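Here the structure is laid out as structure tokens; the discussion comes afterwards.
Small disclaimer: the values here were computed from a predicted structure and weren't measured.
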Amino acid sequence: MRIYEPNDPTYQALKGSNIELTVTILNNQLQSLTDAAAATDWVQKNVQAYVPDIKFKYIAVGNEVRPGDTETQYLLPAIQNIHNAIVAANLQGQIKVSTAIDTTLVDSTSAFPPSAGRYSDAAKSFITPVIDFLASNGAPLLVNVYPYFSYTSDPANINLAYALFTSDGITTPDGVKYQNLFDALLDAQYSALEKANAPNVEIVVSESGWPSEGSNVATLQNAATFYQNLINHVKGTTGTPKRPGKAIETYLFAMFDENTKGGDEVEKHFGLFSPNKQPKYQLTF
């Protein structure tokens, strides 16, 4: 399970459940955590106070920090300070500290074929030191992967079935067969890691989903198809062409529709459940 900021009622519900938890630190908190004492305090209050009743797995320091954001300058120091606080608490064997990025840090002109994936010049300056840190500490990079947004940004060149895991796949110009857009997006990220001299850094898909309302392809049927096929795919052992033969650790976004969320209408409809707690889909895990 992943939550986007510490939440005591959620923590209380998870106690003793054995459910592994990823906790996110919001971008507006990063600047304060460049102070080591503040990071130690954060870990004591939001992690140590609940161990061992809760099984913390990852701390995502920042979510989708992008080039041009003021938070880019605070990202690495905050990650380092939270990591040091985890080590001081002797929890480094259990909890990995990372950050969650979106797929746009890979230059869009290089994302296809996936083997050409590389970080944009604008992203490189702040993400490369973070990746070096992850590599030296054996931590994964968390990536939010959304075939929906890739498809809707280029429907003329991307087949809907390819985005929904229901096509026969495509063969890229370099001769690699891709069955679905999810794998292609993921492998472009692995290619970027290789070019950043971090071929051994694993990727955890920290968000993926499909909205059920708000656009012509955001339907209940498409969303149900995407989620079920995604579950089946990531649990299987096909992996991706770049990382074959292994399951892909993946978080579905999201548990509930966010009916009060701002932005585009689709942003309110990514839930597996409606706000009234009724399931929108019958999914099998």
Is a salt bridge present between [X] and [Y], judged by a nitrogen-to-oxygen distance below 4.0 Å?
X: K246; Y: E202; result: yes
X: R243; Y: E194; result: yes
X: E249; Y: K57; result: yes

Can you find a side-chain donor-acceptor pair between [X] and [Y] that sits under 3.5 Å?
X: N7; Y: T10; result: yes
X: N232; Y: Q228; result: yes
X: N144; Y: N63; result: yes
X: Y178; Y: D187; result: yes
X: R66; Y: N27; result: no
X: T240; Y: Y190; result: no
X: D8; Y: Y50; result: yes

With distance as the sole test, does [X] use its side chain to make a donor-acceptor pair with the main-chain N or O of [Y] at under 3.5 Å?
X: N137; Y: A139; value: no
X: S274; Y: N276; value: no
X: N180; Y: D183; value: yes
X: T34; Y: Y74; value: no
X: T171; Y: K177; value: no
X: D257; Y: G271; value: yes
X: Y227; Y: L272; value: no
X: S110; Y: R118; value: yes
X: D41; Y: A37; value: no
X: T250; Y: I248; value: yes

How close do [X] and [Y] get, heavy atom to heavy atom, and via which atoms?
X: W42; Y: V23; answer: CH2-CG1, 4.1 Å
X: F182; Y: V145; answer: CD1-CG1, 3.9 Å
X: P241; Y: V176; answer: CB-CG1, 3.7 Å
X: I101; Y: Q189; answer: CD1-OE1, 3.8 Å
X: L33; Y: A39; answer: CD2-CA, 3.7 Å
X: V201; Y: I131; answer: CG2-O, 4.4 Å

(message) For a side-chain contact (heavy atoms from CB on, under 4.5 Å) check, start with the C-alpha distance between F133 and H83, then their side-chain angles and the critical distance, and finish with the verdict.
(response) CA-CA 10 Å; F133 175 86; H83 170 79; 3.5 Å; yes

Spacing of [X] atom [atom1] and [Y] atom [atom2] [to the nearest 0.5 Å]:
X: S208; Y: L252; atom1: OG; atom2: CG; result: 7.5 Å
X: I59; Y: S98; atom1: CD1; atom2: OG; result: 11.0 Å
X: L141; Y: K96; atom1: CG; atom2: NZ; result: 14.5 Å
X: L105; Y: D107; atom1: CG; atom2: CG; result: 10.5 Å
X: Y151; Y: L160; atom1: OH; atom2: CG; result: 4.5 Å
X: T152; Y: Y146; atom1: OG1; atom2: OH; result: 12.5 Å

(message) Quick one, D121 with K124, criterion side-chain contact (heavy atoms from CB on, under 4.5 Å). Give me CA distance, side-chain angles, the key distance, then yes/no.
(response) CA-CA 5 Å; D121 291 340; K124 213 177 284 183; 3.5 Å; yes

(request) Mind running side-chain contact (heavy atoms from CB on, under 4.5 Å) on V205 and Y251 for me, showing each step along the way? (result) CA-CA 6 Å; V205 178; Y251 289 74; over 6 Å; no

Would you say the side chain of [Y] lies within less than 4.5 Å of the side chain of [X], judging by non-hydrogen atoms?
X: V204; Y: V143; answer: no
X: E258; Y: F270; answer: no
X: L30; Y: V65; answer: yes
X: K242; Y: P114; answer: no
X: S150; Y: L181; answer: yes
X: K195; Y: Y119; answer: no
X: F126; Y: L76; answer: no
X: Y11; Y: F56; answer: yes

(request) Can you establish whether the number of heavy atoms outside K261 located under 6.0 Å from its atom NZ is more than 12? (result) yes

(request) Can you establish whether the number of heavy atoms outside D174 located under 6.0 Å from its atom CG is more than 12? (result) yes

(message) I3 and side-chain contact (heavy atoms from CB on, under 4.5 Å): which single residue from T24, L21, L14 fits?
(response) L21

(request) Say whether V130 and V87 are linked into one hydrophobic cluster, either directly or through other cluster members, by side-chain heavy-atom distances under 4.5 angstrom. (result) no

(request) Establish whether L193 and L142 are linked, either directly or via other cluster members, by ILVMFWY side-chain heavy-atom contacts under 4.5 Å. (result) no

(message) Testing H269, Q221, K280, K268 one by one against S212 for a side chain to side chain donor-acceptor pair (under 3.5 Å), which residue passes?
(response) K280

(request) Output all residues satisfying ring-ring contact (aromatic ring centres under 6.0 Å, His included) with Y58, sequence neighbours left out; order by chain, then residue number. (result) none

(message) Ring-plane angle category for F165 and H233, please: parallel below 30°, perpendicular beyond 60°, tilted otherwise.
(response) tilted

(request) Using the side-chain contact (heavy atoms from CB on, under 4.5 Å) rule, take F253 and R2 through it: C-alpha gap first, then chi angles, then the decisive distance, then the call. (result) CA-CA 9 Å; F253 186 90; R2 181 183 177 194; over 6 Å; no

(message) Using ring centroids (six-membered ring only for Trp), state whether Y148 and F226 fall under 6.0 Å.
(response) no

